[in-house]
Number of protein chains: 2
Amino acid sequence: MENTAPLKPTETELEILQILWQHGPSTVRFVNEEQNKVKETGYTTTLKLLQIMFEKNLVSRDEESRSHVYRAAVTEDETQQRLLDRFLDTTFRGSAMKLVMQALGNHRTTPDELNQIRHLLKKLEDDSSNADS
Amino acid sequence: MENTAPLKPTETELEILQILWQHGPSTVRFVNEEQNKVKETGYTTTLKLLQIMFEKNLVSRDEESRSHVYRAAVTEDETQQRLLDRFLDTTFRGSAMKLVMQALGNHRTTPDELNQIRHLLKKLEDDSSNADS
DNA sequence: CTTGATCTACGACTAACTTCGTAGACAATT
DNA sequence: AATTGTCTACGAAGTTAGTCGTAGATCAAG
């Protein structure tokens with residue numbers, strides 16, 4: 001077995017990753033307290049999860065002090081991308097278009113955000129104009 | 001207990017729903033054959049799944065002929081919307097923007113599709129101008 | 001040094017999802 | 001009427017995710 005193997009996080013694992021991404025390296029206790037803000041969770045439950053995630057190389061940990069400090073071993077962006085690809089496949093049968101339309105259509109988007117998207121569109125358009133470098 | 005309760009389909013259930021959405025009402029055998037194009041699946045496995053989905057009211061069935069005919073009891077759109085909402089929450093922490101950006105950024109989108117999105121943006125803009133009603 | 005708090009490690013239990021084997025009903029065919 | 005094939009129903013086993021209890025180590029006081 002090798003490490004450096006990025007897998008698909010489960011629902012709960014993702015919640016924990018979110019916490020680590022938001023707050024940076026954290027102890028089990030901190031992660032657990034954050035989790036409890038959303039949903040009652042026993043301390044050892046959080047611990048176990050983090051240990052499993054450690055096995056899977058989803059997180060790394062610093063064992064210097066008695067209470068280990070865990071940090072995300074995968075970035076938020078790459079994980080989102082991975083999950084998005086999968087989701088696109090299974091739920092929208094690969095049609096990024098349809099997904100975007102539904103996402104934009106059904107969630108109030110601020111004018112500012114709409115502008116950001118417009119900029120992206122512009123950029124995509126330009127990129128496709130002058131094709132390969 | 002009541003019926004008319006559309007829940008979150010599991011991974012496999014979603015695959016079956018995709019088949020029903022694509023091909024319309026189908027027998028177990030047909031669904032199973034479609035499934036086998038992607039992944040070897042025993043006949044009774046498919047049958048069982050459809051029966052469970054029937055219990056959950058994800059599909060309805062016509063029992064006239066000996067081989068029942070199943071049809072999706074939830075629409076593709078509403079299911080996609082429901083799953084998208086959930087996905088947006090868990091993976092993108094609610095930021096439709098970020099999701100759209102990633103989706104557009106990492107999947108080649110045709111100029112035509114870009115146009116469609118542009119139209120949608122326009123429409124969203126207009127809608128937000130003249131507020132309610 | 002004893003008590004109590006906090007930590008890791010680990011095993012076990014539950015619940016949900018998926019898979020499949022087997023049995024019985026029903027029909028078509030020999 | 002026996003054989004063969006296809007169907008539904010159902011039960012049971014295997015898998016994975018999530019939960020938590022308990023034991024043992026470590027530390028900080030009293």
Side-chain angles (χ1 to χ4, degrees), chain A residues 1 5-20 25-71 79 83 86 90-91, chain B residues 1 5-20 25-71 74 79 83 86-87 90-91:
Chain A
M1 283 301 103
L7 287 176
K8 181 202 171 224
T10 68
E11 195 78 359
T12 309
E13 287 170 349
L14 186 56
E15 282 165 20
I16 290 182
L17 282 175
Q18 303 278 17
I19 293 170
L20 294 179
S26 313
T27 61
V28 175
R29 177 138 317 266
F30 179 80
V31 171
N32 179 247
E33 278 162 2
E34 283 301 309
Q35 267 186 311
N36 274 301
K37 289 180 181 172
V38 176
K39 165 174 167 256
E40 170 125 354
T41 308
Y43 177 84
T44 54
T45 300
T46 304
L47 173 64
K48 179 73 163 189
L49 255 301
L50 279 165
Q51 286 170 341
I52 291 174
M53 292 170 74
F54 178 66
E55 293 294 308
K56 296 188 187 174
N57 292 298
L58 284 173
V59 300
S60 62
R61 71 181 175 194
D62 178 350
E63 310 184 356
E64 281 309 298
S65 40
R66 186 154 82 98
S67 32
H68 302 170
V69 175
Y70 288 83
R71 78 183 59 221
T79 303
L83 293 177
R86 184 190 191 74
T90 61
T91 306
Chain B
M1 284 303 101
L7 287 175
K8 180 201 170 225
T10 69
E11 196 77 0
T12 310
E13 286 170 349
L14 185 56
E15 283 166 21
I16 290 182
L17 283 175
Q18 302 278 17
I19 293 170
L20 294 179
S26 314
T27 62
V28 175
R29 180 142 308 273
F30 179 80
V31 171
N32 179 247
E33 278 161 1
E34 284 300 309
Q35 267 186 313
N36 274 302
K37 289 181 181 173
V38 176
K39 164 172 169 256
E40 169 125 353
T41 309
Y43 177 84
T44 52
T45 301
T46 303
L47 173 64
K48 181 71 165 189
L49 255 302
L50 279 166
Q51 286 170 340
I52 290 174
M53 292 169 74
F54 178 66
E55 294 294 307
K56 296 187 188 174
N57 292 299
L58 284 173
V59 299
S60 61
R61 71 181 176 193
D62 178 350
E63 311 183 355
E64 282 309 298
S65 40
R66 186 153 82 97
S67 32
H68 301 171
V69 174
Y70 287 83
R71 75 183 61 221
V74 292
T79 303
L83 293 178
R86 184 190 191 74
F87 181 70
T90 61
T91 305

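A quick note: this is a predicted structure, and the numbers were derived from the prediction, not measured. Sequence lines set the chain letters: A, B, ... in the order given, protein chains first and strands last, and positions in each chain run from 1.
A:Thr46 pairs with exactly one of A:Thr12, A:Val28, A:Ile19 by the side-chain contact (heavy atoms from CB on, under 4.5 Å) rule, that one being A:Val28. When each of A:Thr79, A:Leu58, A:Leu83, A:Leu14 is tested with A:Lys8 by the rule side-chain contact (heavy atoms from CB on, under 4.5 Å), just one qualifies, namely A:Leu83.
Side-chain atoms of B:Arg66 stay outside donor-acceptor range of the base of D:dT8, with no qualifying N/O pair under 3.5 Å.
Using a 4.0 Å cut-off, some side-chain N or O of B:Arg29 falls inside it from OP1 or OP2 of D:dC7.
A:Ile16 contributes atom CD1, which lies 12.0 Å from atom CD of A:Glu11 (distance to the nearest 0.5 angstrom). Separation of atoms OG1 (B:Thr27) and CZ (B:Arg61) is listed at 13.5 Å; rounding is to 0.5 Å.
Atoms CD (B:Glu63) and P (D:dT8) sit 10 Å apart, rounded to a whole Å. Following rounding to the nearest Å, B:Leu58 (CG) and C:dC17 (C1') show an atom-to-atom distance of 14 Å. Between A:Arg61 atom CZ and C:dC7 atom P the separation is 15 Å, expressed in whole Å. For the pair B:Phe54 CZ and D:dA9 C1', the interatomic distance rounds to 13 Å; values are reported in whole Å. When rounded to the nearest whole Å, the span between CG of A:Asn32 and C1' of C:dC7 equals 13 Å. In this structure, B:Lys56 atom NZ and C:dA16 atom P are separated by 10 Å, rounded to whole Å. In this structure, A:Phe30 atom CZ and C:dT6 atom C1' are separated by 18 Å, rounded to whole Å. Atom CD of A:Glu55 and atom P of D:dT16 are 16 Å apart (whole Å).
Side chains of B:Gln35 and B:Thr41: no donor on one and acceptor on the other come within 3.5 Å.
Screening residues 30-40 of chain B for salt bridge (Lys or Arg N to Asp or Glu O under 4.0 Å) gives B:Glu34-B:Lys37 as the qualifying pairs, with residues at least two apart or on separate chains.
The backbone N or O of A:Leu49 sits nowhere less than 3.5 Å from a side-chain atom of A:Glu13 that would complete a donor-acceptor pair.
The number of heavy-atom neighbours closer than 6.0 Å to CD of B:Glu64, taken from other residues, nucleotides and ligands shown, is 12 or below.
Near DNA chain C, defined here as any heavy-atom distance below 4.0 Å, there are no residues from residues 9-19 of chain A. Sorted by residue number, the members of residues 39-51 of chain A with any non-hydrogen atom under 4.0 Å from DNA chain D read A:Lys39, A:Gly42, A:Thr44, A:Thr45, A:Lys48, A:Leu49.
Nearest heavy-atom pair, B:Val59 versus B:Tyr70, reported as atom, atom and distance to 0.1 Å: CG2-CD2, 3.7 Å.
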